[in-house]
*Asks:* 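Just dropping this structure here.
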Amino acid sequence: MRYCLGVHFPDRLSNDNLYARAKVAPATLTLACNRLRIVGHAIRRPELPLSIILHPNNQATEAYHRGGALRRTYLAQLIGDLNAINLTIKDAFRVAQNRTEWQRLVGSVK
């Protein structure tokens, strides 16, 4: 993206200014929005296996990389995304049943 905007090595431009000049959202926000959209679909379709994984009774397991750093599981990442919009997993199951309300919440991530 820096190359497309004509920003080369000696020039310094913060990521916030870069996103503002390019008029795009950061990739992390786009990915979080997409993850939450998928979760909404999965919650409304209880026969999908993702609903079993996301069930509030399941706990996120911690795994470590070879070097010792904590590995983020998909469930842990989703919990972080839900925390960003002030929801717990139980609240997400309740709110996702109303599709328009879920779309409003997911749209607030951007």
Side-chain angles (χ1 to χ4, degrees):
M1 187 172 2
R2 291 176 188 274
Y3 183 78
C4 292
L5 293 175
V7 178
H8 300 288
F9 171 64
D11 302 331
R12 296 183 64 101
L13 183 64
S14 70
N15 287 339
D16 293 333
N17 291 336
L18 180 71
Y19 292 129
R21 280 180 58 180
K23 297 178 184 157
V24 297
T28 55
L29 293 180
T30 304
L31 291 173
C33 183
N34 290 342
R35 276 192 299 268
L36 290 172
R37 287 178 56 212
I38 291 170
V39 168
H41 291 301
I43 289 173
R44 285 189 296 276
R45 303 246 346 237
E47 67 272 6
L48 292 177
L50 186 58
S51 295
I52 296 169
I53 295 170
L54 295 177
H55 197 273
N57 294 334
N58 292 341
Q59 298 295 322
T61 58
E62 292 184 357
Y64 291 91
H65 285 282
R66 190 173 187 184
L70 184 63
R71 183 180 295 166
R72 297 279 311 243
T73 61
Y74 190 73
L75 182 57
Q77 188 68 43
L78 287 173
I79 290 171
D81 294 340
L82 290 171
N83 287 339
I85 56 173
N86 299 321
L87 282 179
T88 63
I89 292 179
K90 290 182 182 181
D91 292 337
F93 269 79
R94 181 183 49 78
V95 174
Q97 299 305 321
N98 182 351
R99 187 168 183 253
T100 56
E101 181 68 18
W102 186 254
Q103 287 175 339
R104 187 185 63 79
L105 282 173
V106 170
S108 70
V109 171
K110 292 183 178 180

*Asks:* Give, for atom CD of Gln103 and atom CG of Asn98, the distance between the pair rounded to the nearest 0.5 Å.
*Replies:* 9.5 Å

*Asks:* Trp102 side chain to His41 main-chain N or O, any donor-acceptor pair under 3.5 Å?
*Replies:* no

*Asks:* Identify the heavy atoms of Ala96 and Gly40 that sit nearest to each other, and give their distance.
*Replies:* CB-CA, 4.3 Å

*Asks:* Just how far is it from atom SG of Cys33 to atom CD1 of Ile38, taken to the nearest 0.5 Å?
*Replies:* 10.0 Å

*Asks:* Sequence neighbours left out, what passes salt bridge (Lys or Arg N to Asp or Glu O under 4.0 Å) with Arg37? Give chain and number order.
*Replies:* none

*Asks:* Output side-chain donor-acceptor pairs under 3.5 Å for residues 77-88, partner residues at least two apart or in another chain, one line each.
*Replies:*
unit_1	atom_1	unit_2	atom_2	d
Asp81	OD1	Arg35	NH2	3.3
Asp81	OD2	Arg35	NE	2.6
Asp81	OD2	Arg35	NH2	3.1
Asn83	ND2	Ile79	O	3.3
Thr88	OG1	Asp91	N	3.2
Thr88	OG1	Asp91	OD2	3.2

*Asks:* List the residues meeting side chain to side chain donor-acceptor pair (under 3.5 Å) with Asn34, not counting sequence neighbours, and say none if there are none.
*Replies:* none

*Asks:* Less than 3.5 Å apart, which donor and acceptor atoms pair up between the side chains of residues 13-29 and the rest of the protein, not counting sequence neighbours?
*Replies:*
unit_1	atom_1	unit_2	atom_2	d
Ser14	OG	Asn17	N	3.2
Ser14	OG	Asn17	ND2	3.2
Asn15	OD1	Arg2	NH2	2.7
Arg21	NH2	Leu5	O	3.4

